[in-house]
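One structure below.
What you see is a predicted model, and the numbers here were worked out from it, not measured in a lab. Naming convention: chains lettered A, B, ... in sequence-line order (proteins, then strands); numbering from 1 in each chain.
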Amino acid sequence: MSEKKTNILIIGIAGGLAKILAGLLVKNKNYEITGVDPRSIKEDIKHENITYKQMRFTRGNFERLFRDKEFDVVFHLARMSHSNTNPKASLAQRLDLNLMGTKRIMDLSLKFGVKKLVILSTYHVYGALSDNPVFIDEDSPLKASIKYPELRDVVEMDQISTNWLWKNKDNINTVVLRPCSIIGPQIKNTMTQYLTSPYVPICMDFNPMFQFIHEFDMAKILERSIDELPTGIYNVAPDETVSIKKAKQILNTPTVPVPSLFLESTAWLLSNSLWQFPKYLIDYIKYSSIIDNTLLKAHLGHEDLFQYSTAETLELSSL
Amino acid sequence: MIKSIKNKILTPHNYFDDVFEKLLEKYPNGEDPWGLNLEKAKKSIEYIWPLYKNYFRVRVFGQENVQDQPYMVIANHSGQIAIDGMLICTAFAMEIDPPRILRAMVERFFTALPFVGTWGAEGGSVLGDRQNCLKLLNKGESVLAFPEGVRGVAKSTSEYYKLQRFTRGFYRMALTAQVDILPVAVVGAEEVFPWVYQAKGVAKKMGLPALPLSPLYFPLPSPIDIYIGKPIKFESDLSPESSDSQIDIHVDAVEREIQRMVNEGLEKRRNFFANVKR
């Protein structure tokens with residue numbers, strides 16, 4: 001068979017989810033995978049079909065990579081999250097990477113004839129507000145930055161991607177995914193850390209509902225989005241929901257109940273030492289933000305979409 | 001029959017277990033996406049039940065009108081602090097078979113209140129949002145709404161038992177989800193605070209939702225009767241997007257029916273020293 005292989009670019013390969021995705025994709029012999037990240041990359045998966053490159057997306061060699069490889073599929077999983085950065089200094093940095101980086105990735109994809117672009121956003125864009133309806137659908141307004149401008153980068157990145165997506169829909173097939181909290185042993189996001197660490201403060205006067213997706217299920221959906229999801233925006237979440245207190249119970253991690261009034265000050269007090277939880281994410285452990293998965297299920301079906309139940313997901317994440 | 005009711009009162013704990021076992025079949029996780037928590041709901045009801053039975057001495061009439069199907073439950077609102085919602089929900093959980101958790105639609109500010117908001121959500125209340133209402137009805141849940149809103153609660157003594165104008169939203173919801181309307185009248189809850197003057201002008205100037213002036217701010221043990229009426233079929237000729245004037249005819253009919261039930265209930269109610277309306 002001299003058929004041309006499908007060239008896939010995974011941006012943000014140093015991240016946990018990207019590694020799992022790469023692990024899934026290398027099983028397909030028709031895929032040729034390139035992983036890039038500005039961070040240092042541990043080459044966990046060694047395979048003839050995968051090559052790693054450490055580079056920044058704003059440099060010329062990033063464009064050269066697109067020109068040389070003629071990618072068919074690009075996964076943008078490099079949204080800079082809030083966990084491992086100093087929240088005060090990094091809004092500018094996050095805005096720069098998340099907005100400029102995303103814009104550049106989109107433009108290069110269009111310029112060099114990429115057929116499918118998959119961008120990973122987050123359910124955080126909808127915001128956690130006391131008057132959120134349950135099951136927020138994809139058309140709902142993105143209200144995350146109403147209260148906390150620190151979340152601007154998350155909302156703006158989603159917005160430029162989705163505007164761009166419809167504008168260029170005739171030339172490139174773009175999918176924006178807004179998953180619920182992705183948790184798992186390989187993922188080091190704020191929520192996983194919050195859930196698995198013992199003695200973190202928990203709101204005593206609120207008990208919001210959550211949706212959790214296991215990292216492996218999420219990677220599976222990313223893989224399937226190559227062929228099965230048409231251009232559009234999709235919420236990614238299971239049907240199951242669980243309250244934060246019950247989740248903590250399942251994980252069997254002890255908590256310190258704090259009235260919501262003092263939660264912000266507690267977060268601020270502990271922010272440099274014990275508990276690194278950004279102030280602007282506190283509403284997410286106070287109010288629910290439950291998203292609607294109808295559209296995703298319409299395309300990917302109901303069966304096997306989520307292999308892990310919420311309880312299993314939680315138990316596995318503490319390993 | 002009498003014996004079984006006696007058993008319920010004498011051994012409420014077993015009865016709570018029975019009710020919540022049945023509810024657990026409906027909500028196998030013990031939770032639902034709107035924040036319901038059966039364990040907490042059971043605890044709340046165990047606290048509310050003595051108040052319900054012995055303090056407000058609630059009587060429920062018309063249980064036979066409730067079938068095992070979802071309803072849009074519409075009731076008159078009264079009693080300054082919306083104690084009626086809690087009592088109606090208790091009645092539907094404890095005194096109707098099969099038991100059901102009524103999903104009370106609450107005001108926006110309520111869900112943001114510390115402790116109270118979560119306590120409500122764990123007992124089944126949800127934000128009064130159209131999307132929530134439709135999703136719940138489509139899931140086969142029954143929704144409780146007070147179309148008078150805050151205007152119904154914040155009344156002066158002179159306006160007691162006079163229904164305030166109903167809003168139309170509930171009827172459009174019932175049409176969209178194609179569920180019947182179950183009218184409910186609560187009699188006696190107004191006299192929980194029998195002498196009240198609503199200083200509306202001052203409240204408005206101060207930016208408050210209401211400013212009740214009263215010689216006493218402690219809820220009195222006014223005996224309360226809950227009347228469940230016959231279900232009102234939604235009008236199948238109408239669409240949810242019919243004009244206001246078409247919808248209003250039916251909204252008014254529901255309002256009149258509940259007013260009629262209230263008036264009838266007033267005739268039959270028990271004596272209480274503070275009854276201000278007959």
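Counting only heavy atoms from C-beta outward, the side chains of B:Pro33 and A:Met209 never approach each other to under 4.5 Å. In this structure, the side chains of A:Asp292 and B:Lys135 come closer than 4.5 Å at one or more pairs of heavy atoms.
Applying the 6.0 Å contact sphere to OH of B:Tyr217 captures more than 12 heavy atoms from other residues, nucleotides or ligands. For CD of A:Glu228, the number of neighbouring non-hydrogen atoms (other residues, nucleotides, ligands) closer than 6.0 Å is greater than 12. Heavy-atom contacts from other residues, nucleotides or ligands closer than 6.0 Å to NZ of B:Lys26 number more than 12. Around the NZ atom of B:Lys43, the shell of radius 6.0 Å holds no more than 12 heavy atoms that belong to other residues, nucleotides or ligands.
When each of A:Ile290, A:Val134, A:Thr241, A:Asp239 is checked for heavy-atom pairs under 4.5 Å with chain B, A:Val134 comes out on top. Looking only at heavy-atom pairs under 4.5 Å with chain A, the residue among B:Asp129, B:Leu127, B:Val126, B:Thr118 that has the most is B:Thr118.
Residues B:Pro114 and A:Asp205 approach most closely at CB-OD2, 3.1 Å, considering heavy atoms.
There is no contact between A:Ser288 and chain B, counting heavy-atom distances below 4.5 Å. For B:Leu113, the part lying near chain A is the backbone, with the side chain staying farther off; criterion is any non-hydrogen pair under 4.5 Å. A:Tyr287 touches chain B through its side chain: at least one heavy atom from C-beta onward sits under 4.5 Å away, while N, CA, C and O do not.
With rounding to the nearest 0.5 angstrom, the NZ atom of A:Lys245 is 6.5 Å from the CD atom of B:Glu122. In this structure, CG on A:Asp131 lies 11.5 Å from CD on B:Glu107, to the nearest 0.5 angstrom. Here the OG atom belonging to A:Ser260 is positioned 7.0 Å from the CZ atom belonging to B:Phe115, to the nearest 0.5 angstrom.
Here the two rings, on B:Trp119 and A:Phe206, have centers that are 6.0 Å apart or farther.
Although no hydrogens or angles enter the test, the distance criterion places no donor-acceptor pair under 3.5 Å between the side chain of B:Gln131 and the main chain of A:Ile136.
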